[in-house]
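What you see is a predicted model, and the numbers here were worked out from it, not measured in a lab.
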Amino acid sequence: MKTKIEKKHLIRRFWPYQRKYIKTVLLDLFCAGLTCLCDLVLPLILRTITDLAVNDLAALTVSLVVKLAALYLILRLIDAAAQYFMADMGHVMGVYIETDMRQDAFDHLQRLGYTYYSNTKIGQIMGRITNDLFDVTEFSHHCPEEFFIASLKFTVSFLILCTYSVPLTLIIFLCVPLMAVSSIYLNRKLQGVFRKQRVQIGELNAQIEDSLLGERVVKAFGVEEQERQKFARGNNAFKTIKKHTYKYMALFQCSTRLFDGLMYLVVILGGGLFVIYNRITPGDLVAYVLYVSTLIATIRRIVEFAEQFQRGMTGIERFFEIMDAEVEIEDEPDAAPLRAESGRIELKDVCFEYPDDHNAVLNHLNLRIDAGERVALVGPSGGGKTTLCNLIPRFYDVTSGEIEIDGQNIRNVTLKSLRDAIGIVQQDVYLFSGSVAENIAYGKPEAGLEEIRQAAVLAGADEFIQELKDGYDTYVGERGVKLSGGQKQRISIARVFLKNPPILILDEATSALDNESETLVGQSLEKLAKGRTTLTIAHRLTTIKDYDRILVLEGDGIAESGNHEELLKKRGIYYHLWNQSFGGEL
């Protein structure tokens, strides 16, 4: 009963997507009704010919046969036209629905926060918005169509056969409830294995993506065999699930064929006896045989559709699992654009714990960063440096307290305006598949080539870009694999120059670079930080010794604060960190 309610709930939620194309749905159902005409009229035609041949051969004229044949030909032409529409526009409607759902899923994924992506594999997400929605295309078209055809044929056949013999018709149709019970049971089994199948293919996608993206690390450590074995385990698990799927499908088809045989047996035995005792005519028996054949063909179509139905329901279910994921960070109803005038940042009694594991990181933190001030964050891992930087652009929301920019609570401003005011340069640079120019202009797609080039000049990137094969039109490869780490970092800096925000966050922007690249990137960052409020996470202390203020963060908050010289004089945590960097006491 639970499964049935869940299906009704899913179909009710899916209906708005189908309702958008209701005219096409209704026309498709009308055409589906027309395709039933041939199957429903043919037994009547043959019954008429048979009864006339047995009882009144003189009445069976050439003219009558030609008229009946012409009628059937017209019905066949109507059937062909209706089938064409169903195969064409019906499927196109399914594609439209699939496209709408995929767009909604992608839009919702764009709104989801860091917590969701920290706990969800990208391969699973990819499977849900691609393969799963392929099945929804077929479901959205065939589901109303197949059930409408089945209902129409069952109802009309039952009513027509009842006019010949109610007892024989009831005996034949008693087989249908038995078949329905068997089908419902096996359908539930199929739904379970289809869901497992979808989950496992998502796991395989995630594993393939992980292995291929980390292909250089795999080769560097020589663990190809380990990756092969890991994939083989997942692949074999998928094989086992598929075996169970086909087992239940085989049981489904076997039970259907048994019930087919049972219905024919009833027609042969019951129909033969009814003819012997003059309860029905030979023509009626022919009609029974043909209608039962029609019913069996319909049932077979429903059985074949059952797999498609379950795949579609599974796809819809997994789609709504994405849509039901909570959007943790979004605009307040009365949010206004941020007026970023100078870039002053203030944290007031800020506490934060991660929403998924409730790990407390910041406790009652108070901090003021003046406009244009350069502040560095240092300290041991887990002290809250990255967390603090993630709170300012609202990648996470504070658990309590407030963060203000130029006197405005960031919860009360629009996310777009907030993030437009902040430029972020990270250690792990992500370049999108495309040209150098497209990557620089990512935050300002309307920028012209001269603007892009000027940003690259400021970032110290123009020289190496000009030396590339196609200059600014050079394809950077997936994740920028065709460029060095320093080149990628300077392109990411050019991206921020073009954006021109008043606030800058540098998240260990040079820690992964070699000395030469670090120097070049460091010079670019110096230019970028000039005149901007800058917050820097640094592991290489030499890069921040000229900063206005250095904050040492530990688990309890800010342990030390001051400039480089002041902190060395304190001979505290910063002093020891500096000495560790250079291997001795000052």
Side-chain angles (χ1 to χ4, degrees), residues 106 109-110 122 209 212-217 340 343 389 393 395 415-537 543:
F106 186 81
L109 286 167
Q110 293 289 297
I122 297 300
E209 178 194 36
L212 294 182
L213 289 177
E215 174 261 343
R216 295 189 181 190
V217 178
C389 290
F395 294 149
L415 283 171
K416 176 165 176 49
S417 65
L418 171 65
R419 292 170 184 172
D420 281 347
I422 301 170
I424 301 174
V425 181
Q426 297 172 315
Q427 174 188 351
D428 184 18
V429 177
Y430 192 98
L431 296 186
F432 293 88
S433 181
S435 70
V436 171
E438 287 169 343
N439 272 281
I440 293 175
Y442 186 73
K444 190 179 178 182
E446 72 279 7
L449 184 58
E450 188 53 41
E451 270 189 283
I452 292 169
R453 188 172 181 276
Q454 186 59 38
V457 169
L458 291 170
D462 181 65
E463 186 177 343
F464 85 79
I465 293 172
Q466 297 284 12
E467 293 173 357
L468 295 173
K469 180 184 175 183
D470 297 313
Y472 283 85
D473 292 324
T474 300
Y475 175 66
V476 301
E478 190 172 4
R479 298 173 67 92
V481 294
K482 293 190 173 186
L483 302 176
S484 70
Q487 289 172 332
K488 288 194 290 185
Q489 194 62 279
R490 277 178 280 169
I491 287 175
S492 75
I493 293 168
R495 197 153 58 188
V496 179
F497 263 118
L498 188 61
K499 186 179 181 182
N500 194 27
I503 297 170
L504 185 61
I505 295 175
L506 307 177
D507 188 354
E508 304 180 49
T510 62
S511 64
L513 303 177
D514 57 70
N515 290 333
E516 183 181 355
S517 296
E518 181 184 3
T519 301
L520 293 170
V521 171
Q523 292 169 354
S524 301
L525 290 173
E526 285 285 331
K527 293 180 189 175
L528 182 61
K530 190 174 181 180
R532 306 178 201 273
T533 305
T534 304
L535 196 59
T536 299
I537 297 174
T543 61

Does the side chain of [X] reach to within under 4.5 Å of the side chain of [Y], using non-hydrogen atoms?
X	Y	answer
Pro501	Ile422	no
Leu468	Leu483	yes
Ile505	Pro393	yes
Asp473	Val436	no
Leu506	Thr534	yes
Ser435	Val476	no
Leu535	Leu504	no
Lys444	Arg495	no

Heavy-atom donor-acceptor pair, [X] side chain to [Y] backbone, under 3.5 Å:
X	Y	result
Lys488	Lys482	no
Gln489	Gln426	yes
Thr533	Ile503	no
Asn500	Val496	no
Arg490	Ala459	no

How about [X]: does its [atom1] atom have over 12 heavy atoms from other parts shown lying under 6.0 Å from it?
X	atom1	answer
Phe464	CZ	yes
Phe106	CZ	no
Gln466	CD	yes

For this session: Assess whether side chain to side chain contact (heavy atoms under 4.5 Å, CB included) is satisfied between Phe395 and Arg419, documenting all intermediate values.
Result: CA-CA 10 Å; Phe395 294 149; Arg419 292 170 184 172; 3.9 Å; yes
Look up atom CD1 in Ile491 and atom CG in Leu431, then write down how far apart they are to the nearest 0.5 Å.
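Taking CD1 in Ile491 and CG in Leu431, the distance rounds to 5.5 Å.
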Practice problem: Let me see the working for Cys389 and Asp507 under side chain to side chain contact (heavy atoms under 4.5 Å, CB included), right down to the final yes or no. | Solution: CA-CA 8 Å; Cys389 290; Asp507 188 354; 5.8 Å; no
Original post:
When you check the side-chain N and O atoms of Ser433 and Tyr475, is any donor under 3.5 Å from an acceptor?
Top reply: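 Side-chain D/A pair, Ser433 to Tyr475: present.
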Original post:
Regarding Tyr472 and Asp462, is there a side-chain donor-to-acceptor distance under 3.5 Å anywhere?
Top reply: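 The criterion, which ignores hydrogens and geometry beyond distance, is satisfied for Asp462 and Tyr472.
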List the atom of [X], the atom of [Y], and the distance in Å for their closest heavy-atom pair.
X	Y	answer
Ala494	Ala455	O-CB, 3.5 Å
Ile452	Ala437	CD1-O, 3.8 Å
Leu498	Ala447	CD2-CB, 3.8 Å

